[in-house]
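Counting starts at 1 for both ligands and their atoms, in listed order. This is a predicted model, so every value here is computed, not measured. By convention here, the first residue in the shown sequence is residue 1.
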Amino acid sequence: MGSSSAPVRRYHHVINGADHPSGAGSIARHAPDTGELVAEFASGDADTVERAVTAARTAFDEGPWPRMTGADRAAVLRALAASMERDRDHLARLDAEESGKPIRQALANVDASVALTQHAAALALSAHGDSHTNLGSDFTGLVTREPIGVAALITPWNFPLLLLAQKLPYALAAGCTVVVKPSELTASSTVEVARLAHEAGLPTGVLNVVLGAGSVGQALAESDAVDMVSFTGSTATGGKVIEASRHGAKKLSLELGGKAASIVFDDAEFEDALDGVLFAGVFNNGECCVAGARLLVQDTIADRFLEQLVARMEKLRVGATTSPATDIGPLIHAEHLQKVQSYVDGALAQGAKPLTGGAPLTGPGFDDGHFYPPTVLDAVTETHTVFQEEIFGPVITVTRFQDANEAVRLANGVRYGLGNSVWTKNIDTALTVARALRSGTVWINTTIDGAPQLPSGGVKESGYGREMGQAGFEEFTELKTVQIRSGRRTPFFSLGERP
Ligand code: ADP
C-alpha cells in the first residue's frame with residue numbers, strides 16, 4: 001500500500017531556473033494513507049521570497065518572455081503540455097501520494113492539466129486587442145491587451161497540479177512572469193512542472209517556485225514587486241491575502257470556499273441524479289471546493305432516493321491512494337480528519353440523522369492513515385452548522401424541499417456561491433432555477449463537469465475573478481488605451497480672444 005520502497009523526494013525552491021537551497025529548514029510530508037515519509041520540501045523565508053520576486057521582476061522588465069510573439073510563447077506551452085503528457089504517471093503518483101486522492105482521479109487531473117495547457121497555448125496565439133475607427137476620421141483608438149506583470153500564484157493541496165494548470169499556463173500565455181507558492185503539503189508536482197517548463201524552453205526567471213508555509217504566501221502577497229495575486233484556498237486565508245495585497249493595490253483573483261447544492265426534483269432522471277449526487281459528494285474525498293456537499297431533494301422522492309444513494313455509497317471502496325480500485329482515499333491529515341468528525345458530531349447534536357458512515361475507519365489498511373467513510377446526514381436544516389460551513393470531507397447533508405422556490409431559497413442561503421447542480425427534466429424548472437441561483441457555475445443534469453474553454457469562479461464569499469476560458473486568460477492582462485489624433489488638434493483655450 002502507498003509508497004513503500006520509493007526513495008524520499010527532496011525539493012528545493014526554483015529561482016532563475018536553478019535549484020535554490022532552503023531558507024529556513026525543511027518541511028516533511030508523510031503520505032496520508034501509510035504515514036510514510038515521502039517528501040521533504042524546502043521552507044522559504046523573506047530572503048527566498050525577495051530573490052524569487054526579483055528574478056520574476058527582472059525577467060518581466062528586461063527579459064524576452066513578455067516581448068516575444070504569442071506564437072513563440074504558444075510553442076513553449078505546447079512543449080510543456082507534451083512533456084506533462086509524457087510524465088503522466090509520475091505526476092499523478094506525486095499528487096496521489098501527497099494529497100491522498102485516488103490514483104485514478106490523479107491521472108484524470110493530469111489529463112485535464114494537459115488540456116488546459118494546450119488551451120492556454122491556443123490563446124497565446126490568438127490574443128489581441130481592439131481598434132476603434134468610428135470616432136471620427138482624425139481620431140483612432142487602440143485598446144491593447146498587455147501582460148499584467150509579475151503574478152504570484154498561490155495554490156492549495158486538494159488539486160495540486162490541476163489548480164496550478166488553471167493559473168500558470170494562462171499567466172504565461174499572457175506574457176506574465178510568475179512566482180508560484182504551492183501548498184506545503186503537496187509541492188512536488190509544481191516543482192516538476194517548473195523543471196519541465198525549463199526543458200520546454202521557458203527562459204530563466206519567468207517561472208519561479210518558492211516552497212514553504214502560509215508565511216511565504218503572505219510575503220509574496222505583500223511584495224511591492226508583485227503586480228497580481230491569483231489565490232485558491234480557504235475563505236479565511238483569502239481574507240488575509242486581500243489584506244496583504246493592499247500593499248501596492250495589487251489586482252486579485254480569488255477562488256475561495258464553497259458549499260454547493262445538488263438540487264434534485266422529482267422529475268429528474270433518477271439514475272443520472274443518483275450517480276451525479278454521489279460523484280459530487282465524494283469525488284476527491286469530498287475535498288473539493290465545488291463538492292455537492294448539500295443534497296436538496298424534493299420530498300415526494302426523498303425516501304426512495306436516499307435509500308438508493310446510501311446503498312451506492314456503501315459500495316464505494318475506501319483505501320490506499322495508489323490502488324486503481326480505490327474510490328475514496330485518506331483525508332489530507334489527522335487534524336483535518338478530526339475537523340470533519342467534529343462537524344459530523346455537531347450535526348448529530350443539532351438533530352441530524354446519520355444514514356451511513358459517521359466515524360473514522362479503523363482496522364487493517366486504515367490504522368496508519370486518515371480514512372473517513374462516505375457519510376450521509378439526513379434531517380439537516382438551514383440553521384445547522386453543517387448546512388452553512390464547508391466540511392471538506394466525503395459527507396453529504398440532506399434537506400428536503402417542497403417546490404422550486406424553497407429549493408432556490410435553501411441553495412442560496414449560505415455565504416458561498418461557487419457552484420450548484422440542478423437535476424430535472426423540466427426545462428422551465430431547470431432554467432428558472434439556474435437563473436435564480438447565486439453561484440459562478442450552475443450545472444443542469446450534470447455536475448463538476450468542465451472544459452478549458454469554460455470559465456470558473458465564484459460570487460459572494462467564494463471570491464472573484466475567473467480561471468480558464470478567455471476570461472481566465474484576460475485576468476492576467478491589463479488593458480491599455482492608446483488615443484491617436486491625426487492632423488491638427490482644435491485648441492481648447494482661445495487665448496487670444498479674452499473679453
Ligand atoms: P488549505 O489548507 O485549505 O489549503 P489555505 O487557504 O490556508 O488552506 O491554503 C491555501 C494556500 O495558501 C497554501 O499554499 C497556503 O500555504 C497558503 N497560505 C496560507 N496562509 C497564507 C497567507 N496568510 N497568505 C498567503 N498565503 C497563505
Return the residue, atom name and 0.1 Å-rounded distance of the protein heavy atom closest to atom 17 (C) of ligand 1. Ile154 CG2, 3.8 Å
Mark up the atoms of ligand 1 that fall under 4.0 Å of a heavy atom belonging to Val241, in ascending order. 24 (N), 25 (C)
Best match, Thr190, Thr237, Asn158, Thr155: closest heavy atom to atom 21 (C) of ligand 1: Thr237
Nearest neighbour in protein (non-hydrogen) for atom 12 (O) of ligand 1: Phe231 CE1, 3.2 Å
Nearest to atom 15 (C) of ligand 1, what protein heavy atom do you find, and at what distance? Lys181 NZ, 3.7 Å
With heavy atoms of Glu184 as the reference, note each atom of ligand 1 found under 4.0 Å away. 15 (C), 16 (O)
Whether Arg195 and Glu192 form a salt bridge (side-chain N of Lys/Arg under 4.0 Å from carboxylate O of Asp/Glu) is what I want to check. yes
So is there a nitrogen or oxygen of Thr232 less than 3.5 Å from a nitrogen or oxygen in ligand 1? no
Enumerated ligand 1 atoms positioned under 4.0 Å from heavy atoms of Gly217: 24 (N), 25 (C), 26 (N)
Does Leu295 form a side chain to side chain contact (heavy atoms under 4.5 Å, CB included) with Leu309? I'd like the steps, not just the answer. CA-CA 11 Å; Leu295 167 61; Leu309 180 67; 4.0 Å; yes
For atom 19 (C) of ligand 1, the protein heavy atom that lies nearest, with its residue and separation: Gly214 CA, 3.3 Å
Answer yes or no: is there an ion pair linking Glu97 with Arg93, defined by an N-O contact shorter than 4.0 Å? yes
Worked verdict on Phe476 versus Tyr170 for ring pair (Phe, Tyr, Trp, His ring centres under 6.0 Å): CA-CA 7 Å; Phe476 292 102; Tyr170 294 90; 7.7 Å; no
Hey, which atoms in ligand 1 end up nearer than 4.0 Å to a heavy atom of Ser183? 14 (O)
Can you tell which part of Val216 has a heavy atom less than 4.0 Å from ligand 1: side chain, backbone, both or neither? neither
Would you say Asn109 and Gln105 are linked by a side-chain donor-acceptor pair, where the criterion is simply a distance under 3.5 Å? no
Of all the atoms in ligand 1, which lie at a distance below 4.0 Å from a heavy atom belonging to Trp157? 1 (P), 2 (O), 3 (O), 4 (O)
Are Arg466 and Glu475 ion-paired here, with the side-chain N under 4.0 Å from a carboxylate O? no
Atoms of ligand 1 under 4.0 Å from any heavy atom of Pro182, numbered from 1 in the order shown, are 14 (O)
When you check the gap from the basic side-chain N to the acidic O, do Glu389 and Lys259 get nearer than 4.0 Å? no
With atoms numbered from 1 as shown, which atoms in ligand 1 lie under 4.0 angstrom from a non-hydrogen atom of Lys240? 23 (N)
Residue and atom name of the nearest protein heavy atom (relative to atom 6 (O) of ligand 1), distance in Å to one decimal: Ser234 N, 2.7 Å
Which of these passes side chain to side chain contact (heavy atoms under 4.5 Å, CB included) with Pro360: Leu337, Leu331, Val344? Leu337
Heavy-atom pair of closest approach, residues Val414 and Arg294: CG1-NH1, 3.4 Å
Can you find an N/O atom of Gln218 closer than 3.5 Å to an N/O atom of ligand 1? yes
Take atom NZ in Lys339; do more than 12 heavy atoms of anything else shown fall under 6.0 Å from it? no
